[in-house]
Amino acid sequence: MTKIPVSFYQNDDVELIAKSLLGSFLYSRVDNIITGGIITETEAYKGVEDKASHSYGGKRTSRTEIMYGLGGISYVYLCYGVHYLLNVVTSGKNIPHAVLIRGIFATDGINKMLERTDKITHNYKLTNGPGKLTKALGLNKLHNGIQFDGDVVWIEDRGLTIEGEDIIIGPRIGVDYAEEDAQLPYRYELKYNNYIKKTP
DNA sequence: TCAGCGATTAACT
DNA sequence: GTTAATCGCTGAA
């Protein structure tokens, strides 16, 4: 297992990074307990040119400022007043691209994640949504702006390469307000995820 | 200060 | 597939 170095995220091709992260393992160390799993679903947000992005049009506010930093840090924000969503900031400085982690399949620290989410059984539903996986991993606004090569939040490459037909590509979820950009094919899902969903 | 809102979820059909 | 619930935070004043 190899922790992905922050330099990996400093590439300007955010679509490539979003696809590459499928099949890698996302981990967090909160309360001194490691929890995590394999990344099954991601979305690319293409900075200033993407109407679905918080940084569309070069918008800079205290919330979006973090996205203008050098790639390899986290962007965590609250959605609907209830759910924290985890992004990986990518690209170089002043290019506010980001990858939203939408789903993982939990593999480590299952008991702790069940406890955090008030669930009894472990299946794909434990962490199959962006708001759910942050809750399971114990992430919140305090984890905004953290480097992805530290020991709090990181992603590991375990030699599993997902490409070609193993990636389902489609439009992003919940961004209808983004007009024509809502249709862009920036959502990537592990094909294997379809089989996981069929096993209760 | 405070109105308005949302990169969702759960619980439906 | 559809839709209602929900509330802390952002951002403009």
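Below, chain A is the first sequence line, B the second, and so on; all start at residue 1. All values below come from the heavy atoms of this structure, side chains included, with hydrogens, waters and symmetry mates left out. As the structure is a prediction and not an experimental result, all values here were calculated from the model.
Rounded to an integer number of Å, the gap from A:His54 NE2 to B:dT8 C1' is 12 Å. Taking atom CZ of residue A:Arg63 and atom P of nucleotide B:dA7, one finds them 7 Å apart after rounding to whole Å. Atom C1' of nucleotide C:dC9 and atom CD of A:Glu65 are separated by 18 Å, given to the nearest angstrom. The CG-P distance, from A:Asn128 to B:dA11, rounds to 13 Å in whole Å. Rounded to whole Å, the distance from NZ on A:Lys125 to P on B:dA11 is 10 Å. The nearest whole Å value for the distance from the CG atom in A:Asn144 to the P atom in C:dC9 is 13 Å. Atom C1' of nucleotide B:dA7 and atom CG of A:Leu85 are separated by 6 Å, given to the nearest angstrom. Regarding A:Asn87, its CG atom lies at a distance of 11 Å from the P atom of B:dT8, rounded to whole Å.
Neither OP1 nor OP2 of C:dT10 sits under 4.0 Å from any side-chain N or O of A:Thr61. Taking side-chain N and O atoms only, A:Tyr177 has a distance below 4.0 Å to OP1 or OP2 of B:dA7.
Proximity note for A:Lys59 (side chain, C-beta onward) versus B:dA7, C:dG11, C:dC9: the nearest is C:dG11. Which of B:dT9, C:dC9, B:dG6 sits closest to the side chain of A:Tyr80 comes down to B:dG6. Among B:dT8, C:dG11, B:dA7, the nucleotide with an atom closest to any side-chain atom of A:Ser62 is C:dG11. Distance from the side chain of A:His83 is smallest to B:dT8 among B:dA10, B:dT8, C:dG11. The listed nucleotides are B:dT8, C:dC7, B:dA10; the one nearest the side chain of A:Lys132 is B:dA10.
When base pairs are accepted only as Watson-Crick or G-U wobble with both N-N or N-O distances under 3.5 Å, DNA chain B takes part in stems of 3 or more pairs at B:1-6 with C:7-12, B:8-12 with C:1-5.
The pair A:Lys19-A:Glu163 fails the salt-bridge criterion, with no side-chain N (NZ, NE, NH1 or NH2) lying under 4.0 Å from an Asp/Glu carboxylate O. Taking a cutoff of 4.0 Å between a charged side-chain nitrogen and a carboxylate oxygen, A:Arg172 and A:Glu43 do not qualify as a salt bridge.
Going from atom CD1 of A:Ile162 over to atom CG of A:Leu190 covers 4.5 Å, rounded to the nearest 0.5 Å.
Looking at heavy-atom distances under 4.0 Å, A:Arg102 makes contact with sugar-phosphate atoms alone, never a base. Residue A:Leu100 is in base contact, counting any heavy-atom pair closer than 4.0 Å across all strands shown.
Side-chain heavy-atom separations under 4.5 angstrom define the hydrophobic clusters, and A:Val82 shares its cluster with no other residue.
You can call A:Tyr45 stacked on the base of B:dA7; the centres are under 5.5 Å apart and the planes sit within 30°.
For the pair A:Gln183 (side chain) and A:Pro171 (backbone), a donor-acceptor distance under 3.5 Å is absent.
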Review point. Stepwise, does the side-chain contact (heavy atoms from CB on, under 4.5 Å) test hold for A:Tyr75 with A:Arg63?
Key: CA-CA 9 Å; A:Tyr75 169 44; A:Arg63 180 174 71 152; 3.6 Å; yes

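Ring planes of A:His54 and A:Tyr77: perpendicular class, angle over 60° (limits at 30 and 60°).
When each of A:Gly81 and A:Pro130 is assigned the nucleotide of DNA chain B bearing its nearest heavy atom, the one mapping closer to the 5' terminus is A:Gly81.
Between A:His97 and A:Tyr9, the ring center distance fails the sub-6.0 Å criterion.
B:dA7 sits 15 Å from C:dA12 when the P atoms are compared, rounded to a whole Å.
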